[in-house]
Amino acid sequence: MDPIARLVAEHEMILKVADWAQREAETLREGGPLRVAKVGRVLEFIRTFADAYHHGKEEELLFARMAERGFSRQAGPLAVMLREHQQGRDFVRQAVSGLAAAEEGSVTALGAVAAGLAGWAELIRGHIEKENQVLYPMAQNVLSETDWRQLGEEFDRFEAGHPEGPVVASGAFVFELATK
């Protein structure tokens, strides 16, 4: 599968998790119970799959190749994507940092968990739309066939070094979210 098709397929899974995170944030804001284990697993999914695995391929491979072909990391589309990746990490840190205190009954921490989940979900939806509709087509127009072949090989090596990615990408995690 070509690199862009891989990233787009991963986006579909990430969007399902974003839907769950948004619903969970709404439940918490409405006074529903905090499901600590499930929220913890979602935050771990975001950190390992969405960020380390998916964003890792983008930042270390695709964006690097685009920068080699003249795209700036300081301004323009790559800069926006990199800034949004960092904003997503900040939302996740916010939720993670509040989780233990929220479990102990802190209303403020519970609000931080809800805000982190909702903020990440909202950000990631817009981010994915920009990548799918703007950035990836730009890359397809600029990178050569050789670039794409090399990127495919680099993606293979990256994925082999991150064995958690294919396990999570199997869809079992998203199925588990939907059924529990």
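Values reported hereafter were calculated over all heavy atoms of this structure, with side chains retained and with hydrogens, waters and symmetry mates removed.
For Asp2 and Arg149, the salt-bridge test fails: no basic side-chain N is under 4.0 Å from an acidic carboxylate O. Checked for salt-bridge contact, Arg65 and Glu68 meet the test: a charged N lies under 4.0 Å from a carboxylate O. Taking a cutoff of 4.0 Å between a charged side-chain nitrogen and a carboxylate oxygen, Glu24 and Lys38 do not qualify as a salt bridge.
Across every non-hydrogen atom of Ala121 and Ala18, the tightest pair is CB-O, 3.4 Å. Considering every non-hydrogen atom in both Val113 and Ala95, the closest pair reads CG2-O, 3.5 Å. Minimum interatomic distance between Ala139 and Met66 (heavy atoms only, all atoms of both residues): CB-SD, 3.8 Å. Residues Ala114 and Ala25 come closest through the heavy atom pair O-CB, 3.4 Å. For the residue pair Leu117 and Ala21, the shortest heavy atom distance occurs at CB-O, 3.8 Å. When every heavy atom of Arg73 is checked against every heavy atom of Ala67, the shortest pair comes out as NE-CB, 4.0 Å.
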*Going through the distances and angles, do Trp120 and Val42 end up as a side-chain contact (heavy atoms from CB on, under 4.5 Å)?*
CA-CA 11 Å; Trp120 176 80; Val42 166; 5.7 Å; no
*Residues Phe63, His85; criterion side-chain contact (heavy atoms from CB on, under 4.5 Å); working and verdict*: CA-CA 12 Å; Phe63 295 0; His85 285 182; 3.9 Å; yes
_Full working for side-chain contact (heavy atoms from CB on, under 4.5 Å) between Glu159 and Lys57_ = CA-CA 8 Å; Glu159 291 168 357; Lys57 286 189 284 190; 2.7 Å; yes
*Hey, mind stepping through Arg69 and Leu143 against side-chain contact (heavy atoms from CB on, under 4.5 Å) and telling me if it holds?*
CA-CA 7 Å; Arg69 299 298 174 259; Leu143 300 181; 3.5 Å; yes
*Working for ring pair (Phe, Tyr, Trp, His ring centres under 6.0 Å), residues His127 and His55*: CA-CA 12 Å; His127 177 82; His55 290 160; 5.7 Å; yes
*Using the ring pair (Phe, Tyr, Trp, His ring centres under 6.0 Å) rule, take Phe158 and His54 through it: C-alpha gap first, then chi angles, then the decisive distance, then the call.*
CA-CA 10 Å; Phe158 184 97; His54 177 80; over 10 Å; no
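Screening Gln87, Arg93, Gln94 for a side-chain hydrogen bond (donor to acceptor under 3.5 Å, both in side chains) with Asp90, the sole residue that qualifies is Arg93. None of Met138, Glu58, Glu84 except one satisfies the side chain to side chain contact (heavy atoms under 4.5 Å, CB included) rule with Glu131; the exception is Glu58.
Asp147 places a side-chain N or O within donor-acceptor distance of the main-chain N or O of Ser144, the cut-off being under 3.5 Å. Side-chain atoms of Thr27 come within 3.5 Å of backbone N or O of Arg23 as a donor-acceptor pair.
A 6.0 Å sphere centred on CD of Glu129 holds no more than 12 heavy atoms belonging to other residues, nucleotides or ligands. Annotation for Glu154: atom CD counts as buried by contact number, over 12 foreign heavy atoms lying within 6.0 Å.
Summarising the geometry, atom CG belonging to Asp19 is positioned 12.5 Å from atom CD1 belonging to Ile14; distances are rounded to the nearest 0.5 Å. Rounding to the nearest 0.5 Å places CH2 of Trp20 at 12.0 Å from CZ of Phe45. How far CZ of Arg83 is from CG of Leu123: 10.5 Å, rounded to the nearest 0.5 Å.
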